Undergrad: 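Dropping the structure in here first, questions after.
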Amino acid sequence: MPYTPAPRDPKQTPVRINLLSDTQTRPTPGMREAMSSAEVGDEQIGDDPTTNALCERVAGLLGKEASVFMPSGTMCNISATLTHCRPGDEILAHETAHIIAREGGAHAALGGFQITKLSGADGKFTPDTFRAALHPRTRYEPPQTVVSVEQTANIGGGTIWNKADLDAVAEAAKANGMVTHMDGARLLNACVATGISAHDMASGWDSVWIDFSKGLGAPVGAVMAGSHGFIDEVWRWKQRLGGSMRQSGVCAAACVYALDHNIDRLADDHANARALARGLSQIDGIEVQQPETNLVFFNPADSGVSGVKMVAGLRQRGVLLAMMDGRIRACTHLDVDAAMIEETVGLVREIVRAA
């Protein structure tokens, strides 16, 4: 049966506190001004100066030769695997990775790739788990072509891959003739939390991208970086997938603004996530995973309120969040302040007391 979105109920309480995702941010007045005054051209022929400036800047930020502006992070992942792999190739990734759980089977449908699921705590597999999954290159098994990691690991709880493990996985992959790909949707959250530069975090990874429509607060867009040859081939897939744009500088200007104004402030989101986790932990029966960045996963089942009922109860009170992987996920971002966090904790306490 086709998916049909539920109609909006006009009687439903308006959302006052949006913890659904960091994709829910609205452009700030400064960002809107940057977009409205952006110098633009035709991106398809390389003639949009704002988009070109963004790509040059992100390539430098990530320590790569070149980069390309994309409509979405999902298109970054898909075009990367379509470039790196051939039909029948094998990709290794964590079992909760975005390329497996959130991209509609695109890698199999469009590329004919097999994705092998690796297990591990908090959305990350260990270097030993990765090494154990490698097999000899014979005609009996699919060529193991790509290893993909997600920084930060969304379903894992916004957890951070430590640099030593990233380096060890990349080293083992290269020794096995594999390509390395980093889904860096929230890479800059990891960089702000650890103090490790994006350049260093991405070293050893052949392709890497960052998403501007999450914590960085832009309305749309992601930028993927890699070698000149890789980006040339990604451009071919961008064209094929319908992602090539015209005056994309209007959108790219929001991303440039985000680089100038919204990286350091990610620390505020992390602080608000810790405050939310601390408050929830003080409510009897609520199990909380302590956040490393801006995602807070919690389970209220032992309080007498199911996750589904808690989400519904909060929505009735104007707070929006969602169930994910059997738990509730709350995501802090630039449109959520400390007062909203305090109010949310109070409303959760109210719902538990009324149960």
Side-chain angles (χ1 to χ4, degrees), residues 43-48 51-87 89-93 97-99 106-107 110-111 113 115 130 137 143-151 161 163 166-185 187-188 190-191 196-212 221-241 243-245 248 252 255-256 259:
E43 184 210 45
Q44 283 202 24
I45 61 173
D47 196 34
D48 190 294
T51 301
N52 292 342
L54 172 66
C55 290
E56 290 174 10
R57 189 162 171 185
V58 172
L61 178 70
L62 297 174
K64 306 303 178 187
E65 293 177 352
S67 68
V68 58
F69 185 47
M70 293 290 213
S72 71
T74 294
M75 189 176 284
C76 287
N77 278 336
I78 294 169
S79 61
T81 61
L82 288 168
T83 298
H84 289 315
C85 302
R86 295 296 177 266
D89 282 1
E90 181 180 0
I91 301 167
L92 280 69
H98 199 276
I99 63 172
H107 306 271
L110 301 179
F113 312 137
I115 303 179
F130 173 65
R137 291 183 174 266
Q144 293 181 313
T145 304
V146 173
V147 59
S148 178
V149 298
E150 190 177 321
Q151 181 75 307
W161 277 82
K163 184 68 166 59
L166 288 176
D167 291 345
V169 170
E171 182 180 0
K174 301 292 178 144
N176 204 55
M178 297 177 68
V179 173
T180 55
H181 173 70
M182 180 182 288
D183 172 337
L187 171 61
L188 295 183
C191 294
I196 299 172
S197 71
H199 181 290
D200 289 345
M201 196 76 83
S203 65
W205 295 83
D206 297 305
S207 53
V208 56
W209 58 272
I210 55 176
D211 196 330
F212 286 90
V223 177
M224 183 158 61
S227 68
H228 286 298
F230 169 74
I231 294 301
D232 283 346
E233 287 303 309
V234 167
W235 252 105
R236 184 186 302 275
W237 281 110
K238 176 177 174 174
Q239 190 78 34
R240 287 172 172 169
L241 295 170
S244 188
M245 296 174 277
S248 60
C255 302
V256 173
L259 291 175

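Remember, it's a predicted structure, so these values are computed and weren't measured experimentally.
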Undergrad: Listed by chain and number, what are the side-chain contact (heavy atoms from CB on, under 4.5 Å) partners of Q44, not counting sequence neighbours?
TA: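 Applying side-chain contact (heavy atoms from CB on, under 4.5 Å) to Q44 gives D42, Q239, S244, R246.
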
Undergrad: Only counting residues at least two apart or in another chain, list the ones meeting salt bridge (charged side-chain N to carboxylate O under 4.0 Å, His left out) with E43.
TA: K238

Undergrad: Applying salt bridge (charged side-chain N to carboxylate O under 4.0 Å, His left out) as the test, list every pair that has at least one member in residues 71-82; sequence neighbours left out.
TA: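 Checked against salt bridge (charged side-chain N to carboxylate O under 4.0 Å, His left out) - neighbours excluded - no pair reaches residues 71-82.
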
Undergrad: Can you list, pair by pair, the side-chain donor-acceptor contacts under 3.5 Å of residues 167-179, counting residues two or more places apart and other chains?
TA:
unit_1 : atom_1 : unit_2 : atom_2 : d
D167   : OD1    : K163   : NZ     : 2.8
D167   : OD2    : K163   : NZ     : 3.0
K174   : NZ     : D206   : OD1    : 2.7
K174   : NZ     : D206   : OD2    : 2.9

Undergrad: Provide the closest heavy-atom pair for A80 versus M224 in the form atom of the first, atom of the second, distance.
TA: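 The pair with the smallest heavy-atom distance is CB-SD, 3.8 Å.
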
Undergrad: State which residues pass side-chain contact (heavy atoms from CB on, under 4.5 Å) with P143; sequence neighbours excluded, sorted by chain then number.
TA: D89, R137, T145

Undergrad: In Å and rounded to the nearest 0.5 Å, what is the OG to CD1 distance from S203 to I196?
TA: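 Here the interatomic distance stands at 9.5 Å.
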
Undergrad: Please report the shortest heavy-atom distance between A106 and I78, naming the atom on each side.
TA: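 Smallest interatomic distance, heavy atoms only, reads CB-CD1, 3.4 Å.
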
Undergrad: With sequence neighbours left out, what residues match S197 under side chain to side chain donor-acceptor pair (under 3.5 Å)?
TA: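 If we apply the side chain to side chain donor-acceptor pair (under 3.5 Å) test to S197, skipping adjacent residues, the hits are D200.
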
Undergrad: If the condition is side-chain contact (heavy atoms from CB on, under 4.5 Å), which residues does T81 pass it with, not counting sequence neighbours?
TA: I91, H107, F113

Undergrad: Any chance you could measure L61, atom CG, to L259, atom CG, to the nearest 0.5 Å?
TA: 6.5 Å

Undergrad: Would you compute the distance between atom OG1 of T180 and atom CG of L92 and round it to the nearest 0.5 angstrom?
TA: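 The OG1 atom of T180 sits 13.0 Å away from the CG atom of L92.
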
Undergrad: R236: which residues meet the salt bridge (charged side-chain N to carboxylate O under 4.0 Å, His left out) condition with it, sequence neighbours left out?
TA: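 Scan of R236 (salt bridge (charged side-chain N to carboxylate O under 4.0 Å, His left out), adjacent residues dropped) gives E233.
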
Undergrad: To the nearest 0.5 Å, what is the distance between CG on L62 and CD1 on I210?
TA: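 Those atoms lie 5.5 Å apart.
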
Undergrad: Quick one: pull up CG in L166 and CD in Q151 and give me the separation to the nearest 0.5 Å.
TA: 5.5 Å

Undergrad: So do the side chains of H84 and S207 get within less than 4.5 Å of each other, counting heavy atoms only?
TA: yes

Undergrad: Within this structure, what is the CD-NE2 distance for the pair E150 and H98, rounded to the nearest 0.5 Å?
TA: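 One finds 7.0 Å between CD of E150 and NE2 of H98.
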
Undergrad: Search all heavy atoms of L54 against all heavy atoms of A252 and return the closest pair with its distance.
TA: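 It is CD2-CB, 3.8 Å.
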
Undergrad: Could you give all pairs that pass the ring pair (Phe, Tyr, Trp, His ring centres under 6.0 Å) test and reach residues 59-80, with sequence neighbours left out?
TA: none

Undergrad: Could you list the residues that satisfy side-chain contact (heavy atoms from CB on, under 4.5 Å) with A66, not counting sequence neighbours?
TA: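 So A66 forms a side-chain contact (heavy atoms from CB on, under 4.5 Å) with H228, I231.
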
Undergrad: Do you know which two heavy atoms are closest between S248 and D48, and how far apart they sit?
TA: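 Closest approach of S248 to D48: N-OD2, 3.4 Å.
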
Undergrad: What I'd like to find out is whether the side chain of V223 reaches to under 4.5 Å of the side chain of C255, using heavy atoms alone.
TA: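 Side-chain contact under 4.5 Å: no.
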
Undergrad: Which residue pairs satisfy the side-chain hydrogen bond (donor to acceptor under 3.5 Å, both in side chains) criterion with at least one member in residues 58-79, sequence neighbours excluded?
TA: N77-E103, N77-H181, N77-D183, N77-W209

Undergrad: Applying ring pair (Phe, Tyr, Trp, His ring centres under 6.0 Å), can you list everything that pairs with W161, at least two apart in sequence or on another chain?
TA: F125

Undergrad: If every non-hydrogen atom of C85 is compared with every non-hydrogen atom of V146, which pair is closest and at what distance?
TA: SG-CG2, 3.6 Å

